[in-house]
Structure formats: structure tokens, C-alpha cells
Amino acid sequence: KIVHATNIADCENELEIDQHHGVSVASIAGAVGNNEYGIAGVCWGCKIMPINIAEGWPIDGDLSSRYPYDDIVNAILLAENQGANIINMSFRSLHYDEAIDNTLNFVTEAGVVCVASSGNDASNTLGYPAKNPNCIAVGNLNRHNERYSTSNYGSGLDILAPGNGTQANYPAELHDPDYHVFSGTSASAPMVSGVIGLLLSKYPNLTPDEVRQIIIGSAVDLTASDGYEDGYDIETGWGRLNAFNALNYDLDAVQRISVKNVEYSSNETIAGVLGFKPSSIDYTYIINSIYEIPIPVNVTDTYTLFEYSPQ
């Protein structure tokens with residue numbers, strides 16, 4: 001179940017658990033179920049590759065307060081090199097970092113699906129790395145089918161998943177009983193990662209772009225009756241995560257369009273990556289191939305080539 005556990009923070013080969021956060025996140029994604037104990041994770045059969053980058057609990061949730069960005073880059077590259085299919089990042093930074101950005105683009109190109117929590121600052125701007133267009137950005141949905149008040153939102157938010165009052169495991173040596181209530185977008189992101197694990201178990205050859213399209217295309221839209229705009233909106237993204245819909249998604253509906261059929265204003269190539277922005281919404285797609293890009297089936301906009309410059 002646990003593979004290639006590594007402690008980047010202390011430069012050791014054996015993982016030392018010094019706080020509960022990573023254990024709780026991992027348990028939501030993949031805790032073994034049907035064993036009459038504790039909780040059941042989303043993808044019971046998924047393997048967990050824990051890579052610890054934290055020297056301690058971040059101050060105000062900001063990554064740079066406790067560990068260098070180089071450790072994050074090394075952890076992402078290590079996960080890809082050791083065969084990870086999904087990288088779950090239940091953390092957020094207040095600052096953009098070019099090295100992390102380039103690394104996320106690299107591993108996505110290599111076939112790894114990146115998932116990140118939007119942050120818990122009640123801000124209308126996503127935290128980083130969720131703001132990277134290659135990450136599936138996940139916000140927190142409460143039990144009333146609403147975006148939780150502290151969940152960050154804004155341009156680039158992809159989806160909401162349950163993350164308020166979620167049961168999760170806790171290191172037994174730190175807490176009795178060894179499970180507890182865990183809340184925030186850190187709990188929402190592994191919900192999505194777990195569903196992606198199920199999806200890749202069923203369809204192992206899906207690309208990160210295809211996974212993204214299925215996850216957002218199978219989401220349950222939170223509409224005007226829920227207090228939000230119909231279709232995509234910056235508070236709820238494409239809607240609520242739905243595992244059943246994702247696993248039963250019609251793969252024939254995973255559409256791809258050729259760049260030669262797309263209207264564009266210029267022919268910019270930025271670091272080998274092309275980007276297109278739909279005309280009707282402020283939402284970005286990064287293309288990992290210059291020949292084709294995936295689009296949600298319910299979007300029929302003209303796509304304009306743009307220069308990718310993170311805010």
C-alpha cells in the first residue's frame with residue numbers, strides 16, 4: 001500500500017511522521033475500507049507514495065514559512081521519477097514560483113495528473129500551485145451543497161469536493177482514537193485524487209488532459225437554484241465532484257480539436273507550451289501537444305492563443 005516513502009525535509013530515506021496533515025490527506029484518498037475499522041478512502045486499491053517536504057507546520061498555511069521551494073520541486077520530480085500517476089498537493093503558497101511552475105508543466109507532459117487545493121483564505125484568488133493551469137484546482141464543498149466560506153475561489157477553479165467535517169486518519173502515536181474530523185481544501189483535493197485513481201484503474205491510458213476533461217465534464221453543476229451561475233463560475237468551477245459520473249463517462253464525448261481549426265491571434269510558443277483561452281470565460285487551458293487540445297464538451301467558444309504569464 002505504501003511505496004517509496006521519503007522524507008525530503010530531513011534528507012533521509014525513511015519517512016518520519018511528525019504531524020497529522022499528510023496522514024489525514026492520504027487516508028481520504030486511499031484508506032482501506034470494508035475492514036470494520038476507522039474510515040474508507042475513495043480508492044482503496046491505490047498505492048500511496050508519501051513524500052514529506054515539511055520541516056514543521058507552515059505559519060498561516062504559507063509554504064515558504066517552513067520549507068524551501070526547492071524541496072517542493074524535488075518532491076514533484078521524485079514522485080514522477082518513481083512512477084506516480086497522480087500528485088496530490090494539499091497545500092498552498094501565497095507566492096508564485098517559476099521553478100515549481102516549470103516542474104508541474106514538465107510532469108504533466110510526462111503523463112502525471114496534478115491536483116491541488118485552492119486554499120482556505122476566503123480569497124477570490126486561488127493559492128499556488130492550484131493556480132497553475134496544469135493542476136486540477138479543488139475547492140471545499142460543505143454539506144449544504146455550497147462552497148465553504150473559507151474556500152478560495154476565482155479564475156481557474158475547476159471543481160468543488162467535500163471537505164468540511166471529513167473523517168480522516170490520524171497518526172496513532174499522536175492521537176487516540178487514530179481518526180478525527182479533518183476540514184478544508186486539503187481534505188477536498190484527495191477526494192478528487194481518489195476518484196482519479198479509480199478512473200485510471202479503469203482506464204490506465206488516459207492522459208492528464210483527458211482526465212481533467214472527464215472530471216469537470218462529469219461534475220454536477222451547481223446552478224441558479226443553488227445560488228450560483230449556471231455552467232462554469234468562479235465560485236464553484238464546473239460543479240460538484242461525482243465519482244459515479246466520472247467512472248461512467250462516455251469516452252466518446254472526450255473531444256479533441258485540432259489547432260489548425262482554431263482561430264488564433266498570433267503564433268506564440270512559450271517555453272514549448274501553447275495556451276488557448278475561451279472567449280466567454282476567464283479560464284485557461286495549457287496544451288501539452290502543439291497538435292491538439294482537449295475541451296469540455298459544453299464549451300463551444302472561439303479559442304484565442306495567448307501568452308502564458310502567471311499572475
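Hydrogens, waters and symmetry mates play no part in the numbers below; they use all other heavy atoms, side chains included. Along the sequence shown, residues are numbered consecutively beginning with 1.
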Could you go through E146 and Y148, starting from their C-alpha distance and side-chain angles, then the distance that decides it, and tell me whether this counts as side-chain contact (heavy atoms from CB on, under 4.5 Å)?
CA-CA 6 Å; E146 303 166 332; Y148 191 66; over 6 Å; no

Evaluate side-chain contact (heavy atoms from CB on, under 4.5 Å) for C114 paired with I136, printing each intermediate quantity in order.
CA-CA 6 Å; C114 296; I136 297 176; over 6 Å; no

Working note: I72 + F91, criterion side-chain contact (heavy atoms from CB on, under 4.5 Å); need CA distance, chi angles, decisive distance, verdict.
CA-CA 11 Å; I72 300 172; F91 55 75; 4.1 Å; yes

Between I86 and V112, is a side-chain contact (heavy atoms from CB on, under 4.5 Å) present by the stated rule, with each step listed?
CA-CA 6 Å; I86 307 157; V112 180; 5.8 Å; no

Residue pair H21, S90: steps toward the side chain to side chain donor-acceptor pair (under 3.5 Å) verdict
CA-CA 9 Å; H21 188 268; S90 286; 5.6 Å; no

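Two different hydrophobic clusters hold V192 and I39 under the rule that ILVMFWY side chains link at heavy-atom gaps under 4.5 Å. Clustering ILVMFWY residues whenever any of their side-chain heavy atoms sit less than 4.5 angstrom apart, transitively, puts I48 in a cluster other than the one holding V25. There is no path of hydrophobic side-chain contacts, each under 4.5 Å, that joins V3 to W44. Linking ILVMFWY residues whenever their side-chain heavy atoms come closer than 4.5 Å, directly or via other members, places Y203 and V42 in the same cluster.
Considering OG of S218 and CG of N245, their distance stands at 5.5 Å, rounded to 0.5 Å. Between the OG atom of S118 and the OH atom of Y128 there is a distance of 15.0 Å, given to the nearest 0.5 Å. Separation of atoms CG (L126) and OG (S155) is listed at 7.5 Å; rounding is to 0.5 Å. Atom CG in L77 sits 11.0 Å away from atom CD in Q82 (nearest 0.5 Å). Rounded to the nearest 0.5 Å, atoms CG (D71) and CG (N52) are 9.5 Å apart.
With respect to N152, the side chain to side chain donor-acceptor pair (under 3.5 Å) criterion is satisfied by exactly one of T185, N120, D121: D121. A side chain to side chain contact (heavy atoms under 4.5 Å, CB included) with L160 is found for exactly one of V138, N140, L141, namely L141.
The side-chain heavy atoms of L78 and I51, taken from C-beta on, include a pair separated by under 4.5 Å. Side chains of V181 and T166 form no contact here, defined as non-hydrogen atoms less than 4.5 Å apart. Between C135 and L104, some side-chain heavy-atom pair lies under the 4.5 Å cut-off. Looking at S93 and Y69, their side chains come closer than 4.5 Å, going by heavy atoms from C-beta outward. Looking at L157 and T236, their side chains never come closer than 4.5 Å, going by heavy atoms from C-beta outward. For the pair T207/E210, a side-chain contact is recorded, criterion being any heavy-atom separation below 4.5 Å from C-beta on. The shortest side-chain heavy-atom distance between E98 and N102 falls under the 4.5 Å cut-off.
D101 and T103 are not linked by any side-chain donor-acceptor pair at a separation below 3.5 angstrom, with hydrogens and angles left out of the test. Using modelled atom types, one finds no donor on one side chain facing an acceptor on the other under 3.5 Å when comparing N105 with T108. For the residue pair N88 and S193, a side-chain donor N or O sits within less than 3.5 Å of a side-chain acceptor on the partner. Counting only N and O atoms by type, the side chains of T125 and Y153 include no donor and acceptor under 3.5 Å apart.
Under a 4.0 Å N-O distance rule, the pair R240/D221 does not qualify as a salt bridge.
Residues that satisfy the salt bridge (charged side-chain N to carboxylate O under 4.0 Å, His left out) test with E235, not counting sequence neighbours, are R147.
The minimum heavy-atom distance between Y232 and G156, with the atom names listed, is OH-N, 3.3 Å.
More than 12 non-hydrogen atoms from other residues, nucleotides or ligands lie less than 6.0 angstrom from NZ of K1.
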